[in-house]
Amino acid sequence: MNPRLVLCYGDHRMPYFTAYTMDAISEITAMIDDMDEGDPHRDGLEAYFYGQSDTLCIDDSGRLILTAALRDRVGITDLATFAARGKTFRIHSPEAPEDATSRLNKVLAELPEGVAITSLLPKKRRGPE
């Protein structure tokens with residue numbers, strides 16, 4: 001069976017889609033299930049993850065097929081950028097502004113000169129410096 005993922009497209013404010021591994025979606029589903037029924041945040045999360053998403057399958061050639069409507073929504077024409085994010089990745093047009101698809105430059109600009117980005121990791125999780 002080919003790998004599957006869940007593509008969420010419901011955040012119209014962002015010029016990209018976020019794709020989640022099936023493991024990540026299982027974790028998110030468990031967190032949503034723990035929320036109180038009727039909680040407006042739960043309602044919003046359910047709408048985003050269950051109503052504004054599609055489960056996609058990577059084909060035998062390793063391709064991921066996006067519908068024309070999805071491609072148009074984020075300005076993808078013949079090429080797409082895939083940006084890893086741990087258990088997720090983003091899909092966007094190569095023409096999308098970098099500051100809209102990544103916070104890396106902003107985070108780096110906030111760090112003092114000579115301080116590595118790894119200093120932002122929780123101390124209990126990173127090794128000795």
Side-chain angles (χ1 to χ4, degrees):
M1 183 171 178
N2 291 352
R4 296 180 315 140
L5 56 90
V6 174
L7 184 78
C8 293
Y9 51 82
D11 191 342
H12 61 84
R13 303 167 303 161
M14 303 300 172
Y16 55 81
F17 303 126
T18 302
Y20 293 81
T21 65
M22 298 311 288
D23 286 344
I25 285 296
S26 292
E27 291 174 17
I28 289 167
T29 296
M31 288 186 274
I32 292 171
D33 287 346
D34 286 342
M35 298 174 77
D36 292 334
E37 291 285 339
D39 179 333
H41 291 154
R42 178 180 175 149
D43 290 345
L45 289 165
E46 287 175 332
Y48 179 75
F49 284 104
Y50 308 144
Q52 299 289 306
S53 65
D54 283 324
T55 300
L56 303 178
C57 192
I58 298 173
D59 74 13
D60 291 335
S61 300
R63 294 177 299 178
L64 183 65
I65 308 298
L66 299 177
T67 64
L70 288 174
R71 291 191 312 269
D72 290 347
R73 183 170 160 320
V74 293
I76 293 172
T77 55
D78 57 335
L79 297 175
T81 298
F82 290 74
R85 295 285 188 270
K87 292 182 183 180
T88 70
F89 62 91
R90 292 179 181 166
I91 303 172
H92 59 83
S93 166
E95 288 81 32
E98 186 175 344
D99 63 338
T101 59
S102 174
R103 293 187 181 114
L104 176 60
N105 288 334
K106 183 176 186 227
V107 170
L108 290 173
E110 293 171 354
L111 288 173
E113 182 79 25
V115 174
I117 194 165
T118 54
S119 67
L120 301 174
L121 291 168
K123 289 183 181 180
K124 66 181 182 181
R125 299 287 298 268
R126 68 175 188 239
E129 293 184 25

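One is the number of the first residue; the rest follow in order along the sequence. These values consider heavy atoms only, across backbone and side chains, with no hydrogens, waters or symmetry-generated copies. Not measured: the values here are computed from a predicted model.
Within the 4.5 Å cutoff, the side chain of L70 has no heavy atoms near those of the I76 side chain. Counting heavy atoms from C-beta outward, L111 and S119 have side chains that approach closer than 4.5 Å. The side-chain heavy atoms of T77 and R71, taken from C-beta on, include no pair separated by under 4.5 Å. In this structure the side chain of L56 never reaches within 4.5 angstrom of the side chain of I65, judged on heavy atoms. Considering only heavy atoms from C-beta on, I32 comes within 4.5 Å of R42 through its side chain. Inter-residue side-chain proximity for R85 and S102 is flagged as met; some heavy-atom pair is nearer than 4.5 Å. For the pair R73/H12, a side-chain contact is recorded, criterion being any heavy-atom separation below 4.5 Å from C-beta on.
Between F89 and F82, the two ring planes are tilted [angle within 30° to 60°].
Heavy atoms of other residues, nucleotides or ligands lying less than 6.0 angstrom from CD of E110 number more than 12. Taking a 6.0 Å sphere around CG of D60, one finds it holds 12 or fewer heavy atoms contributed by other residues, nucleotides or ligands.
When every heavy atom of P94 is checked against every heavy atom of T81, the shortest pair comes out as CA-OG1, 3.5 Å. Residue P15 comes nearest to A100 through the heavy atom pair CG-CB, 3.7 Å, listed as atom of the first residue, atom of the second, then distance.
Here S26 contributes atom OG and M31 contributes atom CE; the two are 10.5 Å apart, rounded to the nearest 0.5 Å. How far CG of L7 is from OG1 of T55: 9.5 Å, rounded to the nearest 0.5 Å. Rounded to the nearest 0.5 Å, atoms OG (S93) and CG (D72) are 11.5 Å apart. One distance of note links CG of L5 with OG1 of T18; it measures 11.5 Å at 0.5 Å rounding. Summarising the geometry, atom CD1 belonging to I28 is positioned 9.0 Å from atom NZ belonging to K87; distances are rounded to the nearest 0.5 Å. One distance of note links CD of E37 with CG of D43; it measures 8.0 Å at 0.5 Å rounding.
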Step-by-step side chain to side chain donor-acceptor pair (under 3.5 Å) determination, D59 to N2
CA-CA 6 Å; D59 74 13; N2 291 352; over 6 Å; no
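No path of Ile, Leu, Val, Met, Phe, Trp and Tyr side chains, each step under 4.5 Å between heavy atoms, connects F17 with Y50, placing them in separate hydrophobic clusters. Connection of L79 to I91 is not established within any shared hydrophobic cluster, with ILVMFWY side chains joined at heavy-atom distances below 4.5 Å, either directly or through further cluster members.
When each of Y9, F49, Y48 is paired with Y20, the ring-ring contact (aromatic ring centres under 6.0 Å, His included) condition holds for F49 and for no other.
The closest donor-acceptor contact from the side chain of R4 to the backbone of M22 lies at 3.5 Å or more, if one exists at all. A distance-only check finds a donor-acceptor pair linking the side chain of T29 to the backbone of I25 [under 3.5 Å].
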